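Just so we're clear, the structure is a prediction, and the values are computed from it rather than from any experiment. Keep in mind that the numbers below use all heavy atoms, side chains included, and drop hydrogens, waters and symmetry copies. Whatever order the structure lists ligands and atoms in, that order sets their numbers, starting from 1.
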Amino acid sequence: MEKTAKLLDGKALAAKIQQELSIAITQLQPKIGRSPGLAVLMVGDNPASAAYVRNKEKACTKVGIASFGKHFSTDTTQTELEEVIATLNNDERVDGILVQLPLPHHLDAVTLLHQIDPEKDADGLHPVNLGRLVRGEAGLRSCTPAGVMRLLQEYEIPLAGKQAVVVGRSILVGKPMALMLLEADATVTIAHSRSHDLKTITQNADILIAAVGRPGLISADMVKPGAVVVDVGMNRVTDANGNSRLVGDVDFESTAGVAEFLTPVPGGVGPMTVAILLQNTFTSYSKTAK
Ligand SMILES: NC(=O)c1ccc[n+]([C@@H]2O[C@H](COP(=O)([O-])OP(=O)(O)OC[C@H]3O[C@@H](n4cnc5c(N)ncnc54)[C@H](OP(=O)(O)O)[C@@H]3O)[C@@H](O)[C@H]2O)c1
C-alpha cells in the first residue's frame with residue numbers, strides 16, 4: 001500500500017488554542033476589569049483582505065476578545081492612519097493593533113508599522129519585536145512562523161540538529177521562520193528566488209517550509225523521504241471549469257507519498273496564524289494585570 005503522510009492539523013490545534021484562550025480570558029477578566037481588545041485596521045476593499053479581517057474578528061468574538069477594528073476608504077491618508085494608531089496606542093482597552101496588508105499604493109506600510117506601540121504589536125512585525133527574536137529575547141513573535149513552530153511542537157517533531165530549509169525570505173514569513181528554527185537549534189538554510197538548484201537544497205531538508213506564493217513549486221521529487229513539510233503558501237487557483245480553490249506551494253497529492261508529515265491547505269498554517277494573533281493579544285492583555 002502506498003504510504004501517506006500524517007497531516008499536521010492546524011485547524012484542530014487552532015480550535016484547541018482558542019478554547020484554552022477563552023478559559024484563560026474568563027479567569028483573568030475579573031482581575032483586569034475588562035476584556036482584551038484587538039484593533040484590526042483595514043484600508044480599501046481588497047476582497048481577500050476583507051475575508052481575512054472577518055475571520056480574525058470572528059475568532060476574537062469566539063474567545064472573548066473585543067474588536068476595535070476600523071475599515072477605512074481607499075483614499076485615507078497616511079496622516080489619518082498615523083493619528084488612528086496614536087489614539088489606539090493610548091487606548092487602555094486595546095491590547096493589540098494590526099494593519100491588514102497589503103495597503104493601497106499611496107500608503108507606506110513600513111512607516112505605519114513603526115508607529116505601533118511594540119507592546120501592542122499583535123502581528124509581531126515591529127522592528128523591536130523582530131530585534132528581540134534575533135537576540136533570542138522574549139517578545140511578541142510574528143504570527144505565521146510562530147504558528148508553524150507551535151504546530152511542530154504539538155506533533156513533537158524534533159528540531160534540534162535537524163536540517164531545516166525555509167523557501168522564501170520575506171520579513172513576514174521566511175526570515176522570522178528561519179530565526180525561530182535556529183532558536184530551536186535546527187541547522188537552517190534559507191532559499192529564495194535567486195537560489196541555484198532549489199531541488200538539491202530542498203532534498204536535503206528534514207524540515208521543509210515553503211513560504212513563496214507559487215502553486216506547485218515544491219513537487220514530490222524535491223522532498224526527502226520521511227521529511228516534515230509545512231506549506232505556508234496560499235494561492236487561489238481557477239480550474240478549467242472556472243471553479244476557484246485555495247492551494248499551497250507544495251504539490252499535496254504527490255508529496256503525501258513521500259513526506260512523513262504534511263500540512264493541508266487550507267486547514268494547516270492559516271488557522272494557526274489567527275490562533276497566534278489571539279494569543280499575542282492575550283499576552284499583551286495579561287501584562288496589564290496589576
Ligand atoms: N497561511 C498563512 O497564514 C499565511 C500568512 C502569510 C503568508 N502566506 C502565504 O505565504 C506565501 C508567501 O508569503 P510572503 O508574504 O512571504 O510572500 P513574498 O513577500 O512575496 O515572499 C515570497 C518569497 O518567495 C521567494 N521566491 C519567489 N519565487 C521563488 C522561487 N521560484 N524559488 C524560490 N523562492 C522564491 C521570494 O524570493 P526573493 O526574496 O528573492 O524575491 C520571496 O523571498 C504566500 O502564498 C502568502 O499568501 C500565508
| field | Cationic N near anionic O, under 4.0 Å, Lys120 to Asp95 | value |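 Looking at Asp95 together with Lys120, the answer is no, because their closest N to O distance does not fall below 4.0 Å.
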
| message | Could you check whether Arg132 pairs with Glu183 (Lys NZ or Arg NE/NH1/NH2 to Asp/Glu carboxylate O, under 4.0 Å)? | response |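 So Arg132 does not pair with Glu183 through a salt bridge.
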
For [X], take its heavy atoms, then give the atoms of ligand 1 lying under 4.0 Å from any of them.
X: Thr273; value: 2 (C), 3 (O)
X: Gly270; value: 1 (N), 3 (O)
X: Asn235; value: 45 (O)

| said: Could you check whether any side-chain heavy atom of Ile209 comes within less than 4.5 Å of a side-chain heavy atom of Leu181, counting everything from C-beta outward? | reply: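 A side-chain contact under 4.5 Å exists here.
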
| message | If the contact criterion is a heavy-atom separation under 4.0 Å, does Ser195 count as touching ligand 1? | response |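 Flag not set, Ser195 not near ligand 1.
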
| task | Say whether Gly233 and ligand 1 are in contact under the criterion: heavy-atom distance to a ligand atom below 4.0 Å. | result |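 Gly233 counts as a contact of ligand 1 under the 4.0 Å cut-off.
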
[atom]: nearest protein contact (heavy atom, Å):
atom: atom 5 (C) of ligand 1; answer: Thr144 OG1, 3.2 Å
atom: atom 10 (O) of ligand 1; answer: Val232 O, 3.5 Å
atom: atom 31 (N) of ligand 1; answer: Leu217 CD1, 3.8 Å
atom: atom 11 (C) of ligand 1; answer: Gly213 N, 3.6 Å

[X]-ligand 1 polar pair, N/O distance under 3.5 Å:
X: Arg169; answer: yes
X: Met234; answer: yes
X: Arg194; answer: no

| Inter-residue atom distance Leu13.CG - Met272.CE, 0.5 Å rounding |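 Going from the CG atom of Leu13 to the CE atom of Met272 covers 4.0 Å.
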
| query | When rounded to the nearest 0.5 angstrom, what is the spacing between NZ in Lys6 and CD1 in Ile157? | reply |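 Output value for this atom pair is 9.0 Å.
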
Between [X] and [Y], does any side-chain donor sit less than 3.5 Å from a side-chain acceptor?
X: Glu82; Y: Thr79; answer: no
X: Thr238; Y: Ser244; answer: no
X: Ser35; Y: Gln29; answer: yes

Out of [options], indicate the one that has the non-hydrogen atom closest to [atom].
atom: atom 34 (N) of ligand 1; options: Arg236, Met272, His192; result: His192
atom: atom 35 (C) of ligand 1; options: Ser193, Gly268, Pro215, Pro145; result: Ser193
atom: atom 17 (O) of ligand 1; options: Val173, Leu172, Val212, Val167; result: Val212
atom: atom 16 (O) of ligand 1; options: Gly174, Pro102, Ser170; result: Ser170

| said: Tell me whether the count of non-hydrogen atoms from other residues, nucleotides or ligands lying under 6.0 Å of CD in Glu137 goes above 12. | reply: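 Result for CD/Glu137: enclosed.
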
| query | Hey, is Arg214 touching ligand 1 through its side chain, its backbone, both or neither, going by heavy atoms under 4.0 Å? | reply |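 The part of Arg214 near ligand 1 is the side chain, not the backbone.
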
| message | I'd like to know if the side chain of Asn46 reaches the main chain of Ala48, judged simply by a donor and an acceptor atom lying under 3.5 Å from each other, with no hydrogens or angles considered. | response |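 Confirmed, Asn46 side chain pairs with Ala48 backbone.
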
Pairs under 3.5 angstrom only: tabulate donor-acceptor contacts from the side chains of residues 99-115 to other protein residues two or more places apart or in another chain.
{"unit_1": "Gln100", "atom_1": "OE1", "unit_2": "Lys56", "atom_2": "NZ", "d": "2.7"}
{"unit_1": "His106", "atom_1": "NE2", "unit_2": "Thr76", "atom_2": "O", "d": "2.8"}
{"unit_1": "Asp108", "atom_1": "OD1", "unit_2": "Val110", "atom_2": "N", "d": "3.2"}
{"unit_1": "Asp108", "atom_1": "OD1", "unit_2": "Thr111", "atom_2": "N", "d": "3.3"}
{"unit_1": "Asp108", "atom_1": "OD1", "unit_2": "Thr111", "atom_2": "OG1", "d": "3.4"}
{"unit_1": "Asp108", "atom_1": "OD2", "unit_2": "Thr111", "atom_2": "OG1", "d": "2.4"}

